[in-house]
Amino acid sequence: IRVIYTTNASSKIRLHFMGTSVQVPGSPDVFGESEYHLLNNSDCPEPFERLVAFYNRLEFQSLAVFPVWGVKKLIRLIVLGFTQPDPPGGQILNLYRDLATVTSQGLQRVDQIRSLRSRLEGLETLADMNQSISAETELFSLYKLIHQRISAKMGNDLSFAIAIYHPNN
């Protein structure tokens with residue numbers, strides 16, 4: 001994980017931790033069916049040891065870790081650090097769990113929209129090429145037109161060949 005924001009960064013030492021990466025081995029698998037993990041210095045499962053040690057340097061004694069899921073993969077963690085050994089329970093953690101869930105759903109929708117836009121652009125390109133091709137009557141002009149259309153969409157540094165298959169030779 002990479003520290004991208006902390007509200008407890010009032011000192012220069014804490015600001016120094018911004019951008020720091022912490023490895024969490026097996027990150028996606030550590031959550032399984034769990035909606036979040038509560039961690040403290042005395043009782044910390046193996047995959048989270050580095051994470052707890054990192055936040056311990058920031059003077060936090062316990063953590064609540066919430067997964068943010070993309071499409072079938074873990075993409076972020078929301079980590080709440082607490083200065084007391086036992087994190088608060090109940091409603092506060094449920095609010096952050098719900099925040100992680102809503103964030104996951106929102107990011108998945110954004111990914112789906114991007115995918116749909118990409119497909120739509122592909123279909124529009126095919127429709128445009130189909131219309132242009134149907135109006136062309138000369139074979140060499142047709143090949144040149146196909147090259148121009150594909151280069152316009154994929155860039156000028158593209159090389160390709162058009163080959164015609166003849167079954168006899």
Side-chain angles (χ1 to χ4, degrees), residues 1-130 149-158:
I1 67 164
R2 179 173 293 261
V3 178
I4 57 171
Y5 179 77
T6 176
T7 58
N8 198 8
S10 58
S11 72
K12 290 182 180 180
I13 295 172
R14 290 196 175 136
L15 284 174
H16 171 74
F17 287 109
M18 298 295 285
T20 303
S21 292
V22 180
Q23 294 295 324
V24 179
S27 295
D29 299 330
V30 296
F31 286 95
E33 298 296 317
S34 178
E35 295 174 329
Y36 59 88
H37 284 287
L38 298 177
L39 310 169
N40 60 40
N41 295 335
S42 61
D43 182 28
C44 176
E46 181 184 337
F48 293 108
E49 288 173 344
R50 290 181 185 172
L51 185 66
V52 169
F54 173 79
Y55 278 94
N56 192 21
R57 287 187 285 169
L58 294 172
E59 301 173 7
F60 293 112
Q61 294 186 25
S62 60
L63 304 174
V65 182
F66 304 85
V68 176
W69 296 95
V71 179
K72 298 181 183 179
K73 67 179 182 175
L74 180 68
I75 57 172
R76 297 278 190 273
L77 293 177
I78 296 175
V79 180
L80 300 179
F82 303 98
T83 54
Q84 63 272 18
D86 294 317
Q91 287 185 326
I92 292 174
L93 295 179
N94 288 339
L95 288 172
Y96 280 99
R97 179 203 60 212
D98 294 344
L99 172 66
T101 300
V102 168
T103 302
S104 297
Q105 292 169 349
L107 291 173
Q108 289 170 11
R109 286 188 188 123
V110 166
D111 192 51
Q112 290 171 344
I113 289 170
R114 285 183 183 149
S115 177
L116 288 173
R117 282 186 181 154
S118 177
R119 288 183 199 162
L120 181 60
E121 286 177 12
L123 290 172
E124 287 172 346
T125 300
L126 287 174
D128 183 42
M129 284 187 70
N130 187 34
R149 298 287 184 185
I150 292 175
S151 294
K153 289 293 180 185
M154 301 182 81
N156 289 330
D157 60 344
L158 174 71

Where is the tightest heavy-atom contact between [X] and [Y], given as atom of each residue plus distance?
X	Y	value
E59	T83	O-CG2, 4.0 Å
A100	P67	CB-O, 3.4 Å
G70	I75	N-CG1, 3.7 Å
P85	S62	O-CB, 3.1 Å

What distance do [X] atom [atom1] and [Y] atom [atom2] have between them, rounded to the nearest 0.5 Å?
X	Y	atom1	atom2	result
L120	I113	CG	CD1	12.5 Å
N56	L63	CG	CG	9.0 Å
R76	T103	CZ	OG1	11.0 Å
F48	F54	CZ	CZ	15.5 Å
L39	L51	CG	CG	7.0 Å

S115: what forms a side chain to side chain contact (heavy atoms under 4.5 Å, CB included) with it, not counting sequence neighbours?
R119
Check side chain to side chain contact (heavy atoms under 4.5 Å, CB included) between A64 and all other residues, then give those that pass, not counting sequence neighbours.
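For A64, the residues satisfying side chain to side chain contact (heavy atoms under 4.5 Å, CB included) (neighbours in sequence not counted) are L38, F66, L80, F82, L93.
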Would you list the pairs meeting salt bridge (charged side-chain N to carboxylate O under 4.0 Å, His left out) in which at least one residue belongs to residues 88-117, sequence neighbours left out?
E35-R97
Heavy-atom neighbours of L126 CG exceed 12 at 6.0 Å
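Check passes, neighbour count above 12.
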